[in-house]
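To start, the structure under review is shown below, and the notes come after it.
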Amino acid sequence: MSTVIALVPLGIEDNRNSGALARVRGATLLTHTVLGIVRSGCVDRVVVAGPQATRAEYADAVAAAGDRRIVLVPGGGDRIESARKALLAAAPAAHDIVLVHEPARPFTPEANIRAVVDAVRSGAPAVVPVEPVTDTVKVVDSRGEVLRTSDRENLRRAQSPRGFTAAFLRTVDLADALSLAGVRARAVPGHPNGLRVHTPFERTVAEALLEERE
């Protein structure tokens, strides 16, 4: 059976109270993120990487999760560089599965994480959870004038984690893989709870989600 390694890359945008170190119900978003990953029951190791300037705070957030499968390694200034360093530190074998999870999506349902892993195991080299776009999408020009309404039938919001075979990641640039630029990826159903949590309003929504879950 292949090993499943989850990478959680952090950048300067995740520092302090506006990012992964912001707190919801007494715990940082980073702590919620890594706890959700290990509780999925399908991940063998979690590698967190972030800027050195806030290493001590990240270390506290990781320690609060209380799981030895979670390790913290030196990262870079942005998430892409941190993801590269986390991947290097993880050193996956070719047949292993690599998940890259955004710390800004701390309440992704555990079932969604398992669905991504299952899709990779079934043969997809790249997988992404998605949600349908329900809002009306307008295309505007540089002056802000509406040009047309975009057909949302085939539009989807990409969520996290992105899943890959380690062998596939060796053949592409990691930044292209994460942005799905020129990469054919299998879509699996996402979930509203996989929302990005960044603004005060989104943290209020997250508080409500946790209260409902409890």
Side-chain angles (χ1 to χ4, degrees), residues 1-11 14 20 30-50 58 62 65-76 78-131 156-191 193-194:
M1 180 73 70
S2 55
T3 297
V4 180
I5 304 168
L7 313 181
V8 182
L10 303 126
D14 296 299
L30 177 56
T31 301
H32 287 295
T33 298
V34 294
L35 278 175
I37 293 172
V38 297
R39 287 173 178 168
S40 70
C42 63
V43 176
D44 301 289
R45 284 190 286 150
V46 182
V47 181
V48 179
Y58 290 146
V62 167
D67 195 298
R68 293 184 178 180
R69 289 171 292 180
I70 308 166
V71 298
L72 177 65
V73 301
D78 58 43
R79 285 185 186 170
I80 294 298
E81 186 59 26
S82 288
R84 290 193 176 104
K85 292 190 175 185
L87 182 61
L88 184 63
H95 60 276
D96 288 342
I97 295 172
V98 178
L99 305 180
V100 183
H101 196 31
E102 294 180 60
R105 298 183 187 273
F107 305 112
T108 296
E110 295 151 21
N112 287 69
I113 298 173
R114 292 192 292 269
V116 171
V117 171
D118 289 344
V120 177
R121 282 211 168 106
S122 70
V127 178
V128 58
V130 299
E131 274 277 281
R156 298 293 185 270
R157 292 191 301 268
Q159 294 185 330
S160 182
R162 315 287 168 90
F164 310 94
T165 62
F168 173 78
L169 288 180
R170 294 176 183 178
T171 68
V172 297
D173 180 80
L174 185 58
D176 290 341
L178 294 180
S179 65
L180 304 179
V183 171
R184 293 185 65 86
R186 180 181 300 175
V188 298
H191 191 279
N193 288 10

Can a donor-acceptor pair be found, under 3.5 Å and without considering hydrogens, that links the side chain of [X] to the backbone of [Y]?
X      : Y      : answer
Ser40  : Arg114 : no
Arg162 : Gln159 : yes
Thr33  : Pro103 : yes
Asp44  : Ile5   : no

Side-chain donor-acceptor distances from residues 183-191 under 3.5 Å, at least two apart:
{"unit_1": "Arg186", "atom_1": "NH1", "unit_2": "Ser122", "atom_2": "OG", "d": "2.9"}
{"unit_1": "His191", "atom_1": "ND1", "unit_2": "Asn193", "atom_2": "N", "d": "2.9"}

Shortest non-hydrogen contact from [X] toward [Y]:
X      : Y      : result
Gly50  : Ser82  : CA-OG, 3.9 Å
Gly163 : Val120 : C-CG2, 3.9 Å
Val172 : Ala177 : CG2-CB, 3.9 Å
Gly36  : Ile113 : O-CD1, 3.8 Å
Val47  : Ala90  : CG2-CB, 4.1 Å
Leu178 : Ala83  : CD1-CB, 4.2 Å

When you compare the side chain of [Y] with that of [X], does any pair of heavy atoms fall below 4.5 Å?
X      : Y      : answer
Val116 : Pro129 : yes
Ile37  : Val8   : yes
Lys85  : Pro74  : no
Val38  : Val46  : yes
Thr108 : His101 : yes

**Study point:** Pairs satisfying ring-ring contact (aromatic ring centres under 6.0 Å, His included), at least one member in residues 30-49, at least two apart
**Key:**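 Listed once each, the pairs are His32-Phe107.
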Review point. Asp67: what forms a salt bridge (Lys or Arg N to Asp or Glu O under 4.0 Å) with it, not counting sequence neighbours?
Key: Arg69
Check your understanding: What residues form a salt bridge (Lys or Arg N to Asp or Glu O under 4.0 Å) with Arg105, not counting sequence neighbours?
Key -> Glu102
What is the distance from atom [atom1] of [X] to atom [atom2] of [Y], rounded to the nearest 0.5 Å?
X      : Y      : atom1 : atom2 : answer
Arg45  : Leu7   : CZ    : CG    : 9.5 Å
Phe164 : Leu169 : CZ    : CG    : 6.0 Å
Cys42  : Asp118 : SG    : CG    : 7.5 Å

Can you give me every donor-acceptor pair (side chain of residues 92-99, partner residue at least two apart or in another chain, under 3.5 Å) with its distance?
{"unit_1": "Asp96", "atom_1": "OD1", "unit_2": "Thr3", "atom_2": "N", "d": "3.1"}
{"unit_1": "Asp96", "atom_1": "OD2", "unit_2": "Ala93", "atom_2": "N", "d": "2.9"}

Exercise for review: Check step by step if side-chain contact (heavy atoms from CB on, under 4.5 Å) holds for Leu174 and Ile80.
Suggested key: CA-CA 8 Å; Leu174 185 58; Ile80 294 298; 5.7 Å; no
Review point. Got a sec, which pairs hit side chain to side chain donor-acceptor pair (under 3.5 Å) with one end in residues 164-181, sequence neighbours left out?
Key: Arg84-Asp173
